[in-house]
Each structure stands twice: as C-alpha cells, then as structure tokens.
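In what follows, a structure is listed as structure tokens, so that the remarks can point back to it.
Quick note on labels: first sequence line is chain A, next is B, and so on, each numbered from 1.
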Protein chains: 2
Amino acid sequence: MKNVLLTIEYDGTNFCGWQRQPGLRTVQGELERVFSILCAQSVQLNGTSRTDAGVHAYGQRASFRGDFGIPVDRMQMAANHLLAAPPKGKKSSFQGLQGDIRIKNVTEVPMDFHARFDAVGKKYIYKIQNRTIPDIFHRNYCYQIPKVLDLESMKEAASYMTGTHDFKCFQAAGGKEMESTVRTIYQIRLYQRMLPEDSGEFSPSEISIEVVGDGFLYNMVRIITGTLVDVGTGKLSPENISGILAGKNRQLAGHTAPPQGLYLAEVYYNEAKRSQR
Amino acid sequence: MKNVLLTIEYDGTNFCGWQRQPGLRTVQGELERVFSILCAQSVQLNGTSRTDAGVHAYGQRASFRGDFGIPVDRMQMAANHLLAAPPKGKKSSFQGLQGDIRIKNVTEVPMDFHARFDAVGKKYIYKIQNRTIPDIFHRNYCYQIPKVLDLESMKEAASYMTGTHDFKCFQAAGGKEMESTVRTIYQIRLYQRMLPEDSGEFSPSEISIEVVGDGFLYNMVRIITGTLVDVGTGKLSPENISGILAGKNRQLAGHTAPPQGLYLAEVYYNEAKRSQR
C-alpha cells in the first residue's frame with residue numbers, strides 16, 4: 001500500500017470545476033480516469049481545494065492510496081502522456097480540450113498524510129487586466145476592467161484585510177456552514193505590469209493580487225478581489241474596509257470577481273509531517 | 001444598397017476554421033448568423049483569408065453587401081454585443097465559447113470593393129515559445145519547442161526567403177491548383193522576448209516571426225516557420241534555403257508548424273481604391 005501526492009497545473013476553462021460530477025468534464029474526474037488506467041484499479045483522489053468552474057491552478061494538490069504496480073517515479077510522464085492525448089471521439093481540430101492538465105510532481109508520502117486536511121496554508125493569485133479595449137485572447141485567463149484602477153488605494157485597502165479576522169463578510173452563500181469564519185491572511189501583495197500600448201483611453205496593465213492565508217471561505221478570494229476593485233474604481237474607499245469586516249455581512253462587501261481570473265498557486269504543508277516515515 | 005468592410009479579431013481555438021460548413025462552428029458561420037440578425041436579412045460574407053482550424057486573427061477582413069436599416073456606425077457595438085453572449089443551449093460555465101470574436105472596425109466601402117480580390121498584401125505573425133517545461137495556458141496560442149533554437153541562423157535563413165521567388169516548395173497539398181506559385185515576400189522579421197524563468201534546462205523565450213507578402217500559398221507561413229525551426233535546431237542550415245527554393249519540391253522543405261501559433265495580423269489594400277466613391 002502506498003500514498004501518493006500530486007502537484008497539478010490546469011487551465012480551468014473547459015472544466016466544470018474540480019469536483020467529480022457524473023456526465024460532466026471535471027479536473028478530478030479526468031485525473032481519476034487517467035490514474036485508474038495507470039494503476040489498473042479504481043483510483044479516488046483527495047484534492048486540496050474544490051476549485052469552481054473556470055478557476056485555474058498552478059499548484060493544486062491531491063493524494064490517493066493504493067497497491068499498484070507502476071513505480072511512483074514513472075507516474076508523472078505516463079500521466080502527462082495520457083492527459084495530452086485527445087479524448088476519444090473528439091475531433092482533433094478542437095484544440096481547446098487537449099493537454100489542459102499537467103502533472104508537475106508526484107511524490108510518495110506517509111500513509112496518514114491527506115492533501116486537504118494536512119494543508120496549513122494556500123496562495124492564490126488573481127489576475128486583472130486593466131484596459132479599455134478587450135483582449136479576447138485573455139478572456140478566459142483574467143478579469144478585464146475598462147475603468148482605470150487606483151492601485152495605491154487598493155494596496156491601502158488590502159492592508160486592512162491582512163491579519164486574523166472574522167471574514168464572514170467575504171463568504172458567499174452556497175458554501176458549507178463553517179463552525180468558524182475566522183481566518184488569518186498572512187499577506188496580500190498587489191503588483192502591476194504594463195502591457196503593450198493599444199488604442200484605448202489609458203495605458204493597459206496587468207494587476208496581480210497574491211493572497212496567502214491559512215484557509216479560505218467559499219469564494220473568499222473572489223470577493224476580496226471584487227472589493228479591492230470597487231476601491232480601485234472609487235465605489236468604496238480604503239477606510240470602509242474595517243467597517244465591512246466588523247459588519248460580518250456579505251452585502252456590505254464588494255462584488256464577486258469572476259472565476260477566470262483566479263489561480264490556485266501553492267499549497268503549504270508542514271514539511272516534517274509530509275516526509276515523516 | 002451598401003457595401004461594408006469589417007476588421008475582425010478572433011481566437012481560432014474553438015472554431016473549425018473560417019469557412020462556413022454545415023453543422024460546424026466556424027468564424028464565417030458565426031459572423032453571418034450575427035450580421036443576419038442585425039441586418040434582418042440573410043448576409044453572406046466575403047472573407048479575405050480562409051484560415052484553418054486553430055488559426056487566429058488580429059485583423060481578418062470581410063465584406064458584405066445589402067440594403068439594411070441599421071446604420072453602419074452602430075454595427076460594431078451591436079455585433080460585439082451579440083458575439084459576446086453565450087450561444088443558446090450552452091452552459092454558461094463553459095467559458096471557452098464566449099466572446100472569441102470581436103469586430104474591431106466597420107466601414108462603408110465603394111460598391112465594387114471586395115475584401116479578398118482587392119487585397120494587395122497581408123501580414124502574418126507566427127508565435128513560438130522556446131522552453132523545456134510546457135506552458136499549458138499558452139498551448140492554443142503558440143508552438144512550444146523544447147530544444148533551444150539558434151535565432152541568428154533562423155534570421156539568416158529568413159533572409160534567403162525574402163524577395164520574389166517561386167514558392168512551390170512551401171505549398172501544402174490540398175490547396176487549390178494555382179496558375180502561378182510565384183509570390184513576393186517583402187519582409188520576414190524575427191524577434192525574441194525573454195519569458196519568466198522556470199525550472200527548465202534553458203531560459204524560456206517567445207520568438208515571433210512576422211511575414212509580410214503580396215500573397216500566400218496554402219499553408220505557406222506554417223511551412224516557412226517549420227523550415228526556420230528546422231534551421232534553428234540544426235536539422236537544416238541557412239545555406240540549404242536557396243536549394244530548397246530552386247528544387248520546387250515540398251519534400252525538400254521543413255515540417256509544417258501547427259496552426260495554433262499562426263495569427264493573420266493585417267490585410268493591406270490600395271487606399272485610393274478602398275475609399276473612392
């Protein structure tokens with residue numbers, strides 16, 4: 001019996017999210033199909049985060065256990081080979097479905113290790129393109145905002161969100177009822193990169209928001225982003241943030257930014273726990 | 001009666017090419033659907049270039065004639081509104097199908113103007129990512145080559161292709177039998193942009209190949225690119241190019257680069273002709 005931990009990158013565009021659902025193409029479903037072939041047995045994955053439809057990952061994690069013949073150090077190449085092949089019955093001219101998941105790492109872990117329960121933190125990145133003229137080639141990979149954003153105000157607002165707070169105001173309905181809505185955000189970093197000039201009203205740029213925390217409520221990063229955008233456009237001011245947090249009411253916070261700008265970037269584990277034997 | 005010229009940008013990923021085909025999603029089919037609604041009559045487009053499945057455009061052109069009520073200066077916004085709406089019966093979670101065509105310009109032209117026959121030249125851009133670790137987020141937008149490319153040799157090879165030549169060696173089977181395979185390439189420009197470091201064996205970069213000419217044979221830019229890549233990896237040398245051209249045999253040239261790296265960037269017209277009344 002072995003326990004195996006995967007590090008996974010995916011383009012969420014053509015998936016109905018992470019979680020397995022009958023008849024729908026999901027990341028978990030696609031990975032379980034491929035690893036069941038490789039391991040010659042039914043494989044069930046424990047993923048760290050149930051990302052929504054359209055959300056991407058640079059470093060999702062998932063673990064699974066089993067007795068299988070294939071050596072762990074052969075799994076990465078074999079899985080990537082199967083993941084890049086066009087699905088049966090799909091026209092090969094339909095480029096969008098091929099190779100949109102890549103296994104970045106496969107490693108053996110102690111039997112009692114669990115990809116979700118043992119995570120001690122995560123990093124998400126949210127990508128915004130601030131531009132007047134839409135860029136259709138990035139429509140599935142960022143949130144495009146045609147009004148100029150005030151980055152300094154957004155940074156100030158983000159500083160009020162950092163730390164340990166009750167984040168009930170940033171929790172969407174439809175999530176699980178949590179025992180506690182207190183979480184710690186270790187860092188929110190905003191940075192801007194200028195994009196090639198176009199014929200729009202201002203110089204286009206990409207603004208990335210990196211959020212590192214010990215855990216996240218349902219849609220929390222997307223609501224944090226929407227709130228920061230509302231500050232950037234002047235709809236809210238940085239001074240409103242403390243009141244929004246204290247109010248513990250979703251209605252006080254900003255809008256929910258769309259899924260396609262969100263990337264699950266990294267999952268953190270206690271290294272001692274992950275490698276103990 | 002009016003004659004209207006469109007400038008069109010599209011992400012070719014989810015299209016079976018430009019040309020209308022029953023039961024398949026094509027760029028021409030999608031545009032004819034939308035403009036038939038706007039003009040309240042059956043619209044048939046004359047496109048400049050029949051791009052293949054997976055090929056993109058920054059500046060495709062197409063013209064159509066008709067007697068219609070909608071003012072020409074309202075067409076762009078109205079068409080982009082319809083093009084961005086999710087197609088009927090498609091799940092909205094399937095992001096990939098929404099807004100992958102954008103009308104960049106609509107202008108009235110003289111009645112005898114034709115988007116294809118009056119074109120005097122075109123610019124294509126072919127994008128390569130030269131990297132060891134594949135980037136799944138760009139898999140539909142460039143050709144990813146994991147062996148380091150010698151850019152200087154590629155530039156030298158390109159210089160032998162520039163000018164007026166019989167380009168029969170760069171014509172794929174399956175195209176129309178042309179009366180002449182002589183064309184003029186005005187310019188081939190190669191430029192490199194470094195990409196963020198990864199854990200690969202060399203620093204990743206993007207190499208763009210811009211080709212401007214008076215006309216192009218079937219798959220010509222993709223075969224030019226494949227030949228330049230074969231020079232970049234050392235399979236061919238720049239000195240081979242003159243012999244390849246003189247041989248007029250497709251078998252002598254390099255491989256055909258895949259469609260997803262190709263962008264129809266610009267179409268050139270004789271401005272006097274385009275604006276005469």
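Neither the backbone nor the side chain of Pro258(B) has a heavy atom closer than 4.5 Å to any heavy atom of chain A. For a residue to count as touching a neighbouring chain, one of its non-hydrogen atoms must lie under 4.5 Å from one of that chain's; by this rule Phe137(B) touches chain A with backbone and side chain alike.
Side-chain contact annotation: Tyr124(A) with Thr51(A), donor-acceptor N/O pair under 3.5 Å absent. Residues Tyr263(B) and Ser208(B) bring no donor and acceptor atom of their side chains to less than 3.5 Å of each other.
The residues Lys127(B) and Glu206(B) are annotated as not salt-bridged, no charged nitrogen and carboxylate oxygen being separated by less than 4.0 angstrom.
Highest contact tally toward chain B, considering only Gly17(A), Pro134(A), Ser199(A), is held by Pro134(A) [criterion: heavy-atom pairs under 4.5 Å].
Counting heavy atoms of neighbouring residues, nucleotides and ligands inside a 6.0 Å radius, atom CE of Met77(A) does not exceed 12 of them.
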